[in-house]
Amino acid sequence: MTTHTRFKYSSLTVALLTALSTQVIAKETVTNAGSSIETVTVMGKAYRNTATKSAIEPEETPQGITVIDEEQLEIRGVQSLNQALRYAPGVVTENRGGAVAMFDSYSIRGFKTNNVNYYDGLSLQILNGWNLQPQIDPIAMKQVEIFKGPTSVLYGAMPPGGMVNMIAKAPQNEQATKVGVAIGSRKLTEASIDTTGQFGDSDFSYRLIALARKQDSQVDNAEEERYLIAPSVDWQASDKTLINFNLYYQNDPSMGINSSMPLDVLKASDPTVSMGDKNWSKFEREVLIAGYKINHELNDNWTFLQNARYTDASLYQENTYHQSYNSSTPNQLTRSLYSTDESFKGFVIDNQLSGVVDVGSIENNILIGVDYQDMDGNVNYSSYSANSSGFTGFDPLNPNNDLLDRNDVTKTAQYLDDTTSSQLGFYLQDQIRLDALVLIAGVRLDHYKSESDYYSHESDHKPFTYRLGALYQFDNGLSPFASYATSFEPASGVDRNGNEFDPESAQQAEIGVKYLSEDMSKEATVSLFHITKKDMLMTDPTNVYGPKIQVGEVVSKGVELSGKWFATENLDVATSYTYIDMEVIEDSLSGLEGTTPIYVPEHTANVWANYNLYTGVLAGSRLSAGARYVGEMQMNATNTEGKVPSYTVVDLSVGYDLGSAMESMTGATANLAINNVLNKEYSACYDQSNCWFGAEQSVEVSVNYEF
């Protein structure tokens, strides 16, 4: 489902349209009531649609794609990518529960994708096999695009379920500034600024985004703290050349804790309980991203785009994990101490030459690309013993998180890892339009290499991937489509016998239909998909802390239904439903044949509605509410420990344009966001020994002023 940004006539609308007026593409449509509204899309010249790396509309793509706009992110008060994806069809978020804030862990169509986030069209690199994963804060996002199914033909190494691309906010020519403050649950305090405009009468425009946020973690004795600044500059060097320079710096002095708990403990506890110790609890992360884009129009038909980025990231953590738990002796939870000191430097560049070639009545949108990325990382992993008897005799049902004396901690082992990886890709795509018929074909050749001292492996893969698709746009708004796409993922590391893993490969067949009414008030997508993945890596059910295992073949098949309806000028409703049947169909080594992987609910569904008031005493008000359902999931890989229960969570948001009440407050808006209104307790697990609570109820009140 594509979420179109629709601006209503209010003072907030005027402020937003003024602030976001550069590179506007506007289409005038007519609502069911016969009134004229505008659908406004604001994107820079260097923007490319995630599904095609072109400016072609997502509706013309013969594959599933969902777009979440900035307005919806603000309405729901999201603080992470995990939270942003809660209402996306086919996506299951927060696989490590709601209390783990330092990772964006989610799955698409049954396949984990937490290590392949993209930011503004380029890979957001991570330290493979470790904990260092940069996070982009939602305040820097213009919109979030979820591309369903295999995407390797454009991006290289990628899981078959899909990918997420966070589109960055770009500089605008018109002057606009928004300052915001927020307070809320768990002592939340937040301040932010987003300002953009032109430097005088020059060819330069700018954008500056900054944020400071501090909040107690859901878990006892931990905090979540973030500071970021993201300046960017556009230089219109000529009528045909735009150069963008961008910087993103983020310092997370504390991001809570990552410790899990046994299922029996979770059932007897509340969401604030911690299995760690406040004297050994740190998670510090620092990320610097510097990049540029060059968009040059060679002539009326051909354009060259170069998008490049350098990343320097580091992380230090002190944490605990438990090794065993016996419910017959509930006051004894065996815990271990460890620390990791991690860092990496990475570089990514993507060169795209795109053009339109007409052959008779056939329009060819050709894309030729070369991309490259490399990463060099270092890790110092240390384990420790605690001589304090109180620490080793931890009672998880009556937790005391102040037992450890750091003077009694002794380092017992140290492991060093120097890891490198690189990927060079060549790709070619042609999107053909013949009247109402859209055809797409693409091929790609990659050369992927990686090496790790700790995991004692070297990888050298040269996979070939491709995609074929077709879509036909009928005059009545229906657009049936079909596609077939392949993907690959490098499989770093070795199995328990010391054998290197084979690269993972997959293919998806998808058929469906998209619908967009003539007045654009109704849209819907129905997709049937069948994904087969070979040599899939999974956690070893016999040793969750040891090397992973590689199963022979996994199939995920199902249906996605999504739609949005602008019922009246005041009311719009978005809803989706996903059914997934996922099974290991071939595994001769680990005995998992016939099982369903973890984190895969058979049924998920959600609904979200916005109701705006433009007249009367409540003019300027907005009431939004949503509900999200996630079905039960297998507790562990062997399907022998029961299931994680299903849950339904209700969210609420109320907005008000303060300028409607007082002219002197024009440009000021207030928003109340309540997530998990009913304070539903739910959980995530990958076996009965490792579970996390879902996000508890949170309340946030924010005030923004735009001028």
Side-chain angles (χ1 to χ4, degrees), residues 1 64 66 68 72 76 78-101 103-114 144 146 148 159 161-162 164 218 260 263 266-267 271 527 529 556-563 574-583 595-609 625-637 639 641-652 674-688 690-698:
M1 177 188 67
T66 300
I68 307 170
Q72 288 301 306
R76 294 196 274 117
V78 304
Q79 294 182 357
S80 67
L81 179 62
N82 254 335
Q83 295 178 11
L85 297 175
R86 284 172 171 171
Y87 283 86
V91 182
V92 177
T93 66
E94 297 155 307
N95 291 337
R96 294 195 183 189
V100 179
F103 302 123
D104 292 318
S105 54
Y106 58 92
S107 62
I108 303 177
R109 292 184 173 177
F111 296 96
K112 291 181 65 177
T113 57
N114 53 291
V144 178
I146 306 105
K148 310 296 179 60
V164 171
Q218 177 174 310
S260 61
L263 178 63
L266 182 141
K267 289 180 177 179
S527 295
F529 60 89
S556 174
K557 55 187 177 182
V559 58
E560 276 183 16
L561 311 173
S562 63
T575 186
S576 72
Y577 165 77
T578 304
Y579 167 79
I580 296 179
D581 177 13
M582 192 170 183
E583 183 181 351
T595 63
T596 297
I598 58 176
Y599 301 134
V600 183
E602 191 173 20
H603 304 279
T604 57
N606 62 66
V607 61
W608 183 272
R628 40 196 167 95
Y629 169 80
V630 178
E632 60 184 13
M633 296 173 276
Q634 290 293 337
M635 180 71 67
N636 68 328
N639 297 178
E641 298 181 352
K643 294 184 177 181
V644 179
S646 63
Y647 62 87
T648 301
V649 175
V650 177
D651 304 314
L652 178 68
I674 307 176
N675 289 304
N676 196 356
V677 173
L678 305 178
N679 205 19
K680 171 71 175 180
E681 286 193 4
Y682 60 101
S683 59
C685 303
Y686 64 72
D687 60 25
Q688 289 189 357
N690 294 275
C691 296
W692 297 264
F693 275 104
E696 63 179 356
Q697 183 189 88
S698 65

Worksheet item: Is a side-chain donor or acceptor of Tyr682 paired with a backbone partner of Ala695 at a separation under 3.5 angstrom?
Response: yes

Worksheet item: So, Lys557 and Glu583, do they make that salt bridge, N to O below 4.0 Å?
Response: no

Worksheet item: Are side-chain heavy atoms of Pro89 and Leu561 found at a separation under 4.5 Å?
Response: no

Response to the item:
CE (Met635) and CG (Leu263) are apart, to the nearest 0.5 Å, by 4.5 Å

Worksheet item: Honestly, is Arg109 close enough over Phe529, meaning NZ or CZ under 6.0 Å from the six-membered ring centre and within 45° of the axis?
Response: yes

Worksheet entry | Spacing of Asn639 atom CG and Ile598 atom CD1 [to the nearest 0.5 Å] | 10.0 Å

Worksheet item: Any side-chain heavy atom of Leu85 sitting closer than 4.5 Å to one from Val144?
Response: yes

Discussion item. Closer than 3.5 angstrom, by distance alone: can the side chain of Asn82 be matched with the main-chain N or O of Glu94 as a donor-acceptor pair?
Written reply: yes

Worksheet entry | Expected output: side-chain Glu641 to main-chain Gln688 donor-acceptor under 3.5 Å | yes

Discussion item. On a heavy-atom basis, which atom in Val644 and which in Ser683 lie closest, and how many Å separate them?
Written reply: CG1-O, 3.4 Å

Worksheet item: Are any of the side-chain heavy atoms of Ile580 and Pro601 separated by less than 4.5 Å?
Response: no

Item to complete: State, yes or no, whether a side-chain contact exists between Ser646 and Tyr629 at a heavy-atom distance under 4.5 Å.
Response: yes

Worksheet item: Are Arg86 and Asn675 close enough that some pair of their side-chain heavy atoms sits under 4.5 Å apart?
Response: yes

Worksheet item: With distance as the sole criterion, is a donor-acceptor pair present between the side chains of Ser260 and Asn690 under 3.5 Å?
Response: yes

Practice prompt. Measure the shortest side-chain to side-chain distance between Glu696 and Asn679 over non-hydrogen atoms and say whether it is less than 4.5 angstrom.
Written response: yes

Worksheet item: Any side-chain heavy atom of Lys680 sitting closer than 4.5 Å to one from Thr648?
Response: no

Worksheet item: Less than 4.5 Å apart, any side-chain heavy atom of Val92 and any of Thr578?
Response: no

Item to complete: Classify the ring geometry between Tyr87 and Trp608 as parallel (under 30°), tilted (30 to 60°) or perpendicular (over 60°).
Response: perpendicular

Practice prompt. Taking all heavy atoms of Ile68 and all of Ala88, pick out the closest pair and write down the distance.
Written response: CD1-CB, 4.4 Å

Practice prompt. Can you measure from CD (Gln218) to CD (Gln697) and round to the nearest 0.5 angstrom?
Written response: 11.5 Å

Worksheet item: If you round to the nearest 0.5 Å, how far is CD1 of Ile674 from CG of Asp651?
Response: 9.5 Å

Worksheet item: To the nearest 0.5 Å, how far apart are SG in Cys685 and CH2 in Trp692?
Response: 8.0 Å

Practice prompt. Quick one: pull up OH in Tyr106 and CG in Asn95 and give me the separation to the nearest 0.5 Å.
Written response: 10.5 Å

Worksheet item: By salt bridge (charged side-chain N to carboxylate O under 4.0 Å, His left out), which residues pair with Glu632, not counting sequence neighbours?
Response: Lys643

